[in-house]
Amino acid sequence: MRDLVLVGGGHAHLEALLRLARRAPVARVRLVSDRPFAVYSGMVPGVLEGRYEPDAASIDLASFAARAGAAFTCARVVEVGAQEVRTAQGDRLPFDVLSLDVGSGPARTAEAGSVVVSARPGSALLDAFEGLPTPAAHLAIVGGGAAGVEIACTLAAGRRAHRITLWERGPRLLPGLPLGLARSVERWAARRGVDLRLGTAFGPEATGPERERFDLVIQATGATAPALGRESGLPVDGEGYLRVDASLRVEGTDNVFAVGDCATLTHAPDTPKAGVFAVRQGPVLARNLCAFLEARELSPYHPQRRALVLLNLGNGIGAGAWGRAHFTGSSMMHLKDWIDQRWMRRFR
C-alpha cells in the first residue's frame, strides 16, 4: 500500500473522497486540514440570517474521513517536499501522491478603526459573529460581488444590525452578472434597509473619530493565493496560484495535484475560482489519483462553459442567473435550498 495525502477539506476533496470510498483500496488515504470542520460556503449567508443552524452548514471531517476509509489529521501544512509534507507542529507526513485543495486566502484587509474579518473562510466569518450583540449597531460589508450581496441581504433579513452599509467601488453590484439582475438586487437590498455606497471605495476616509464607526467590517472583495505553493517552490502563476495542467496535476511535478481555489488551470486560466467548478473537479481528481497509482493514463478536466448562479437574498427570496437569463423570487431560493441540502446530505 502506498500513501495518498489530501491536504485541505475543500469541495473537490470531499467529492473525491466519496468516490475513492467506493473503490477497492488503492492506497492508504489521509485527509489533512487545519480545521476539524468544513463549512459549506453556500449556506453561510443562511446561517447568518438564522435560516439554518450552524451545524447544518458544517461537515465533521474526522467522521466523514472515517466513513470513507481514510485517516484524518487536524494540522496546518506549511511546506510541501518531494515525498512528504511538513505541518506547523513539525510532523512530517510521507506521500506517494499528494493533492492540494487549500482554498485561497483573504483579500487585503480593509483599513478601518474597527474589527475586520474576511468573508472567507466561512468558518472565520461565523466565528466573528459569536461575540457580537444582536442586533449590532452598524455593520460594514466591503465588496458588492455575490458574497458581499448575500451577506448584506441576509444580515438585514435576520435583523442582525440596526444599520448595514455595503461599499462597492464599481458603479453596480454583481459585476460579471446580468445588469438586469444587479438592478433587481439593488432594489431588493435597498428595501431591506441596506445602505448602498456604489462607486465608492472603502478606506480610511470612511472611518475616524468624527466619521462612521462599525461593530464589524466584513471584507468580501475577493481572495489572494495561499502562500503554501510559492513557499514550497511549486510552480505558480503571476498571482501565486498553483499552475495545473488539464489532468489537475501541478506543472513540472509527477505526483502532486491541486484543485479548487488554490489552482489556476493553464489550459483554461479564466475559469472562476468558485465552488461550483471545484465540485466538478472532484470526480476527475479521484479518477486521476487512482490512475496515477495504477500507472494508467490520466483524464482531462474540462470546465463547464457556464454555471448556474444562485443567491440568497433573505426572507425566502433568491436570485438566479444562467447565462444572460436571470430570475428573482421565492422559487430561486427553493431551488438553491434544495441543491444545498442535497449536497450536504451526501457527507452526513
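Quick caveat, the model's predicted, so the values are computed rather than measured. The analysis underlying the following values was restricted to heavy atoms, covering all of them including side chains, and did not include hydrogens, waters or symmetry mates.
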Kindly compute the distance separating [atom1] ([X]) from [atom2] ([Y]), expressed to the nearest 0.5 Å.
X      : Y      : atom1 : atom2 : result
Phe95  : Leu6   : CZ    : CG    : 11.5 Å
Arg160 : Thr134 : CZ    : OG1   : 4.5 Å
Thr271 : Arg280 : OG1   : CZ    : 12.5 Å
Ile151 : Leu166 : CD1   : CG    : 9.5 Å
Leu285 : Leu289 : CG    : CG    : 4.0 Å
Glu168 : Ile141 : CD    : CD1   : 12.5 Å

Steps toward side chain to side chain donor-acceptor pair (under 3.5 Å) verdict (Asn312, Arg51):
CA-CA 11 Å; Asn312 179 358; Arg51 182 182 182 92; 5.9 Å; no

Of the non-hydrogen atoms in [X] and [Y], which two are nearest, and what is the gap between them?
X      : Y      : result
Ala278 : Gly260 : CB-CA, 4.0 Å
Gly316 : Met333 : O-CB, 3.3 Å
His326 : Pro178 : CD2-CB, 3.8 Å
Asn315 : Ala157 : OD1-CB, 3.3 Å
Ala128 : Leu216 : CB-CD2, 4.2 Å
Ala65  : Ala71  : CB-O, 4.1 Å

[X]-[Y] co-clustered via ILVMFWY side chain contacts under 4.5 Å:
X      : Y      : value
Leu293 : Val256 : yes
Val309 : Ile339 : no
Val185 : Phe327 : no
Tyr241 : Val80  : no
Leu335 : Ile317 : no

Tell me whether [X] contacts the main-chain N or O of [Y] through its side chain, where contact means a donor paired with an acceptor under 3.5 Å.
X      : Y      : answer
Arg348 : Ala56  : yes
Asp245 : Ser247 : yes
Glu186 : Leu173 : yes
Lys336 : Gly42  : yes
Asp215 : His138 : yes
His334 : Gly318 : no
Thr253 : Arg249 : no
Thr266 : Val244 : yes
Asp261 : Ser104 : no
Arg67  : Phe347 : yes

Can you find a side-chain donor-acceptor pair between Ser41 and Arg120 that sits under 3.5 Å?
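Result is no, nothing qualifies.
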
Counting only heavy atoms not in Arg197, do more than 12 sit closer than 6.0 Å to its CZ atom?
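Yes, because the 6.0 Å sphere around CZ of Arg197 holds more than 12 heavy atoms from other groups.
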
Glu294 atom CD: more than 12 heavy-atom contacts under 6.0 Å
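Atom CD in Glu294 is packed in, count exceeds 12.
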
Among all residues two or more places apart in sequence or in another chain, which pass the salt bridge (Lys or Arg N to Asp or Glu O under 4.0 Å) test with Arg19?
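Here the qualifying residues are Glu15.
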
Inter- and intrachain pairs under side chain to side chain donor-acceptor pair (under 3.5 Å), touching residues 76-100, at least two apart
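For residues 76-100: His13-Ser99, Glu79-Arg86, Gln83-Asn255, Glu84-Arg92, Thr87-Gln89.
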
Would a 4.5 Å heavy-atom cut-off, applied to side chains only, mark [X] and [Y] as touching?
X      : Y      : value
Trp188 : Thr328 : no
Phe277 : Lys273 : no
Leu298 : Phe257 : yes
Leu14  : Trp343 : yes
Arg243 : Thr264 : no
Phe37  : Asp60  : yes
Ser299 : Asn288 : yes
Pro135 : Arg159 : no

Working note: Leu196 + Val194, criterion side-chain contact (heavy atoms from CB on, under 4.5 Å); need CA distance, chi angles, decisive distance, verdict.
CA-CA 6 Å; Leu196 296 177; Val194 177; 3.9 Å; yes

Please evaluate residues Arg163 and Asp195 with respect to the criterion salt bridge (charged side-chain N to carboxylate O under 4.0 Å, His left out), reporting the C-alpha separation (whole Å), side-chain torsions for both, the decisive distance (0.1 Å), and the verdict.
CA-CA 8 Å; Arg163 185 180 176 192; Asp195 180 12; 3.2 Å; yes

Please work out whether the ring planes of His11 and Tyr40 are parallel, tilted or perpendicular, with thresholds of 30° and 60°.
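Ring orientation of His11 relative to Tyr40: tilted.
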
Quick one, Phe64 with Leu18, criterion side-chain contact (heavy atoms from CB on, under 4.5 Å). Give me CA distance, side-chain angles, the key distance, then yes/no.
CA-CA 9 Å; Phe64 172 65; Leu18 276 181; 3.8 Å; yes

Go through Gln341 and Asp337 one step at a time and tell me if the side-chain contact (heavy atoms from CB on, under 4.5 Å) criterion holds.
CA-CA 6 Å; Gln341 298 283 8; Asp337 186 63; 3.6 Å; yes

Full working for side-chain contact (heavy atoms from CB on, under 4.5 Å) between Arg296 and Cys290
CA-CA 8 Å; Arg296 293 186 285 107; Cys290 293; 4.0 Å; yes

Residues in ring pair (Phe, Tyr, Trp, His ring centres under 6.0 Å) with Phe129, at least two apart?
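For Phe129, no residue satisfies ring pair (Phe, Tyr, Trp, His ring centres under 6.0 Å) once neighbours in sequence are set aside.
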
